[in-house]
Amino acid sequence: MKLTTFANMKRFGVSLEDELLESLDQYVISEGFANRSQAIRFLVEKNLAEHKWQCNHIVAGTIFIIYDQKRSDICAKISRIQIENQGLVLSSSQHYINEETCLHVATVMGEARQLTELADKMTAIKGIRHGKLLMSRAE
């Protein structure tokens, strides 16, 4: 493998199928990256960070969920999941952004693996517009 050094960066070649390369190019455009390299760096760092959280470290975090506030079933489902996971959920609040949109914020603490599973359950609720878990090591 030939590596070329630029400051603290290394250059290497990557081979991708046409379809995957087209998807990467669309991702670069849609996310506003300057080039493929920037997008690949971001994806690698994101993947490594997510892999790191599949452990038993105690972390604190926040789950952000955006949904249509007129859908009362979504609020009820979020509440049910939080009640089932009372040992992980420290607090939660709703913020009404406008007449249609609600931002739900849940503050959580526990093993990274548990929080990831909890966030996956909450953000998988049908009708959720966007959901994200942010974590930081608490030990």
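- Legend: side chain to side chain donor-acceptor pair (under 3.5 Å) pairs involving residues 73-88, not counting sequence neighbours, sorted by first then second residue: Arg71-Asp73, Gln82-Ser92, Gln82-His104.
- Atoms OG1 and CG, on Thr107 and Leu90 in that order, are 6.5 Å from each other to the nearest 0.5 Å.
- Linking Ile, Leu, Val, Met, Phe, Trp and Tyr residues whenever their side-chain heavy atoms come within less than 4.5 Å places Leu21 and Phe12 in a single cluster.
- Connection of Val105 to Tyr96 is not established within any shared hydrophobic cluster, with ILVMFWY side chains joined at heavy-atom distances below 4.5 Å, either directly or through further cluster members.
- Residues that satisfy the side-chain hydrogen bond (donor to acceptor under 3.5 Å, both in side chains) test with Ser93, not counting sequence neighbours, are His95.
- Within 6.0 Å of CG on Asp18 lie no more than 12 heavy atoms contributed by other residues, nucleotides or ligands.
- Rounding to the nearest 0.5 Å gives a distance of 9.0 Å between CD1 of Ile40 and CG of Asn35.
- In terms of the side-chain hydrogen bond (donor to acceptor under 3.5 Å, both in side chains) criterion, residue partners of Arg36 (sequence neighbours excluded) are, by chain and number, Asp25.
- For Arg41, the side-chain contact (heavy atoms from CB on, under 4.5 Å) partners two or more places apart in sequence, or in a different chain, are Met9, Ser37, Gln38.
- For Ala39 against Leu24, the heavy-atom pair with the smallest separation is CB-CD1, 4.2 Å.
- Linking Ile, Leu, Val, Met, Phe, Trp and Tyr whenever their side-chain heavy atoms come within less than 4.5 Å leaves Ile29 and Leu43 in two separate clusters.
- We find the OG-CG distance between Ser15 and Leu20 to be 11.0 Å, quoted to the nearest 0.5 Å.
- Listed by chain and number, the residues in a side-chain contact (heavy atoms from CB on, under 4.5 Å) with Ile97 are Ile66, Thr101, Leu103 (sequence neighbours excluded).
- Side-chain heavy atoms closer than 4.5 Å link hydrophobic residues (I, L, V, M, F, W, Y) into clusters, and following such links, even through other members, never connects Phe42 to Leu134.
- Between Val89 and Ile81 the shortest side-chain heavy-atom distance does not fall below 4.5 Å.
- Closest of all the heavy-atom pairs between Asp68 and Arg129 is CB-NH2, 3.6 Å.
- For the atom pair CE (Met109) and OG (Ser136), the distance works out to 10.5 Å, reported to the nearest 0.5 Å.
- Ile128 is not connected to Ile83 by any chain of hydrophobic side-chain contacts under 4.5 Å among Ile, Leu, Val, Met, Phe, Trp and Tyr, and they are in different clusters.
- Annotation: the span from Leu115 atom CG to Met122 atom CE amounts to 11.0 Å, rounded to 0.5 Å.
- A donor-acceptor pair under 3.5 Å links the side-chain atoms of Gln69 to the main chain of Glu99, judged by distance alone.
- Here NZ of Lys132 is found 12.0 Å from OG1 of Thr62. Values are rounded to the nearest 0.5 Å.
- Between Thr116 and Met135, some side-chain heavy-atom pair lies under the 4.5 Å cut-off.
- Taking 4.5 Å as the limit, some side-chain heavy atom of Ile78 sits within range of a side-chain heavy atom of Tyr67.
- Residues forming a ring-ring contact (aromatic ring centres under 6.0 Å, His included) with Tyr27 (at least two apart in sequence, or on another chain): Phe33.
- Contact check for Thr123 versus Leu133: no side-chain heavy atoms found under the 4.5 Å cut-off.
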